[in-house]
Amino acid sequence: MMAAICTHLDQILVRAPEEVAGCEECLKVGGQWVHLRVCRSCGQVGCCDSSPGQHASRHAAATGHPIVSSLEPGEDWSFCYVDEVAFVVESR
Ligand SMILES: [Zn+2]
Ligand SMILES: [Zn+2]
Ligand SMILES: [Zn+2]
């Protein structure tokens, strides 16, 4: 895991949820996702870039919210779209 060189840690405003139903945008349109990510600025749940919808990165691009965290079981990494760096946040 890379060292944290992200300068947007102050934009982590919400905790990662314990349980989610799935990608919010995919659920609306009946789409499917591969992996789930949660926006740490507003809590929106989206799907990863391996998913057809790529809603997590599209949300980041549309809103400017920089950081998502993985919601996959056993994964605790986060990713900043601005700095394009993965890191582990101490407090989830
Ligand atoms: Zn950053
Ligand atoms: Zn999606
Ligand atoms: Zn957001």
Side-chain angles (χ1 to χ4, degrees):
M1 197 62 71
M2 281 177 278
I5 57 171
C6 171
T7 56
H8 306 89
L9 297 181
D10 60 343
Q11 296 189 44
I12 296 179
L13 303 176
V14 297
R15 302 173 75 86
E18 298 285 329
E19 282 187 38
V20 294
C23 170
E24 294 178 20
E25 293 298 321
C26 285
L27 286 170
K28 278 183 205 164
V29 298
Q32 296 192 324
W33 57 87
V34 181
H35 299 298
L36 293 176
R37 312 282 181 248
V38 59
C39 172
R40 296 303 295 272
S41 295
C42 71
Q44 163 122 353
V45 176
C47 49
C48 70
D49 285 351
S50 301
S51 309
Q54 302 185 350
H55 289 120
S57 59
R58 282 167 62 179
H59 172 77
T63 60
H65 296 165
I67 297 174
V68 294
S69 292
S70 173
L71 285 177
E72 295 306 304
E75 294 187 2
D76 62 354
W77 53 265
S78 300
F79 182 79
C80 175
Y81 286 106
V82 179
D83 295 316
E84 297 187 325
V85 61
F87 53 92
V88 173
V89 180
E90 294 299 323
S91 63
R92 286 164 67 87

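- Between P66 and S41 there is a side-chain heavy-atom pair separated by less than 4.5 Å.
- If you take SG on C23 and CD on Q32, they are separated by 11.5 Å, rounding to the nearest 0.5 Å.
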Go through it in stages, so that I can follow the logic: the residues are R37 and C47, the test is side chain to side chain contact (heavy atoms under 4.5 Å, CB included), and I'd like the CA-CA distance, side-chain angles, deciding distance and then a yes or no.
CA-CA 6 Å; R37 312 282 181 248; C47 49; over 6 Å; no
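- Closest approach of G43 and V14 over heavy atoms only: N-CG2, 3.5 Å.
- Both I12 and I5 are part of a single hydrophobic cluster, where members link through side-chain heavy atoms under 4.5 Å apart.
- By the rule that hydrophobic residues join a cluster once side-chain heavy atoms approach within less than 4.5 Å of another member, L71 and L27 end up as members of one cluster.
- Contact between V88 and W77 at its shortest, heavy atoms only, is CG2-CA, 4.4 Å.
- Scanning both residues, Q54 and D49, for their nearest heavy atoms gives NE2-O, 3.0 Å.
- At least one donor-acceptor pair closer than 3.5 Å links the side chain of S51 to the backbone N or O of V34.
- R40 and R15 get closest at one heavy-atom pair: NH2-CA, 3.9 Å.
- The closest side-chain heavy-atom distance from E25 to R58 is not below 4.5 Å.
- For the pair V85 and C6, the tightest heavy-atom approach, listed with the atom from each and the gap, is CG1-CB, 3.9 Å.
- Closest non-hydrogen pair, W33 versus A21, comes out as CZ2-O, 3.9 Å.
- Once rounded to the nearest 0.5 Å, the distance linking CD of E24 with SG of C39 reads 10.0 Å.
- Not a single side chain to side chain donor-acceptor pair (under 3.5 Å) links H55 to another residue, sequence neighbours left out.
- A search for side chain to side chain donor-acceptor pair (under 3.5 Å) contacts involving T7 returns nothing, not counting sequence neighbours.
- V38 is listed as a side-chain neighbour of P17, based on a closest heavy-atom distance under 4.5 Å.
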How far apart are the C-alpha atoms of C80 and F87, what are their side-chain angles, what is the distance that settles it, and do they pass the side chain to side chain contact (heavy atoms under 4.5 Å, CB included) test?
CA-CA 8 Å; C80 175; F87 53 92; 4.0 Å; yes
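- Looking at H65 and H59, their side chains come closer than 4.5 Å, going by heavy atoms from C-beta outward.
- I67 is not listed as a side-chain neighbour of Y81, based on a closest heavy-atom distance of 4.5 Å or more.
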